[in-house]
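Each residue takes its place number in the sequence, starting with 1.
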Amino acid sequence: MPREITGEVIHVVEPDEQGDYELDGTVAELADSRYLLVCRKGGVPSLFERLVAFFKRDPITPVTLVSDEGAEEGTEIEATVDFTTVDGVYEVIEIE
C-alpha cells in the first residue's frame, strides 16, 4: 500500500559506493544498482521546531529510501513509497 513521505536528504549512497557500507542482506538486495537516500522524516525543520525537539529530547526520525534516481544532500523531497520487509526502509515509486 503506497504512502507519501516528505523528507530532507541527509545522506546519499550511490550504487558504486555500496560496498563501502555494511548493508543488511535484504537492504543490499533492494539497493542493487540503485540509490539509498537517508532522509530526515518530515522535511527540513524550522528553527523553532529544532529548538522544541532539542528541549523535548526528540530525536531525528531517519528513513531510508531505495530509489532509481539520486538526490542532492540537503534537499527536501516528496516521494510516493511502498513498504519493504525492513523497518524504516521504503522503496520509492515516484519522487515529485
Side-chain angles (χ1 to χ4, degrees):
M1 182 167 150
R3 68 180 274 196
E4 296 287 322
I5 287 185
T6 300
E8 175 190 10
V9 179
I10 55 177
H11 189 66
V12 177
V13 178
E14 296 187 17
D16 58 342
E17 297 175 348
Q18 291 175 8
D20 299 341
Y21 297 87
E22 293 181 24
L23 300 177
D24 176 78
T26 307
V27 175
E29 287 178 25
L30 286 169
D32 184 42
S33 72
R34 296 167 67 189
Y35 292 87
L36 290 173
L37 309 175
V38 181
C39 300
R40 175 193 316 248
K41 190 173 180 181
V44 180
S46 68
L47 179 60
F48 178 73
E49 290 171 322
R50 288 178 193 228
L51 287 172
V52 169
F54 174 77
F55 287 112
K56 288 176 124 180
R57 299 194 185 274
D58 189 16
I60 294 171
T61 305
V63 292
T64 302
L65 307 179
V66 180
S67 174
D68 291 330
E69 54 190 275
E72 288 190 37
E73 292 179 5
T75 59
E76 186 172 286
I77 60 172
E78 291 184 26
T80 304
V81 299
D82 203 359
F83 293 94
T84 65
T85 57
V86 181
D87 191 34
V89 178
Y90 301 91
E91 196 164 2
V92 173
I93 297 170
E94 178 183 20
I95 294 179
E96 299 172 13

Apart from Phe48 itself, its cluster of hydrophobic side chains linked below 4.5 Å comprises Val52

Value for CD (Glu94) from CG (Asp82), rounded to nearest 0.5 Å, stands at 13.5 Å

Cluster check Ile5, Ile77: I/L/V/M/F/W/Y, side chain < 4.5 angstrom: yes

- Query: Linking I/L/V/M/F/W/Y whenever their side-chain heavy atoms sit closer than 4.5 Å, directly or via other members, would Val81 and Tyr35 fall into one cluster?
  - Reply: yes

**Q.** Main-chain N/O of Val89 paired to Thr84 side chain as donor or acceptor, under 3.5 Å
**A.** yes

Residue set satisfying side-chain hydrogen bond (donor to acceptor under 3.5 Å, both in side chains) with Gln18, at least two apart, ordered chain then number -> none

Hydrophobic clusters here meaning ILVMFWY residues chained together by side-chain heavy-atom distances under 4.5 Å, can you tell me if Val12 and Val92 are in one?
yes

Taking every heavy atom of Ala31 against every heavy atom of Val66, the minimum-distance pair comes out as CA-CG1, 4.0 Å

NZ of Lys41 to CD1 of Ile10, rounded to nearest 0.5 Å, is 13.5 Å

Nearest heavy-atom contact between Thr80 and Glu4 is OG1-OE2, 2.7 Å

Residues Pro45 and Arg50: closest non-hydrogen pair is O-NE, 3.4 Å

Margin query: Membership question, hydrophobic clusters at under 4.5 Å side-chain separation (ILVMFWY): are Leu65 and Phe83 in the same one?
Written below: yes

One should read off an interatomic distance between Thr75 OG1 and Leu37 CG, to the nearest 0.5 angstrom, of 8.5 Å

Output for pair (Asp87 CG, Thr64 OG1), nearest 0.5 Å, gives 10.5 Å

- Message: Treating Glu76 as the side-chain partner and Val44 as the backbone partner, does any N or O pair qualify as donor plus acceptor under 3.5 Å?
- Response: yes

Rounding to 0.5 Å, atoms CG (Leu51) and CG (Leu47) come to a distance of 5.0 Å

Legend entry - Criterion side-chain contact (heavy atoms from CB on, under 4.5 Å) on Leu36 and Leu23, from CA distance to verdict: CA-CA 11 Å; Leu36 290 173; Leu23 300 177; 3.9 Å; yes

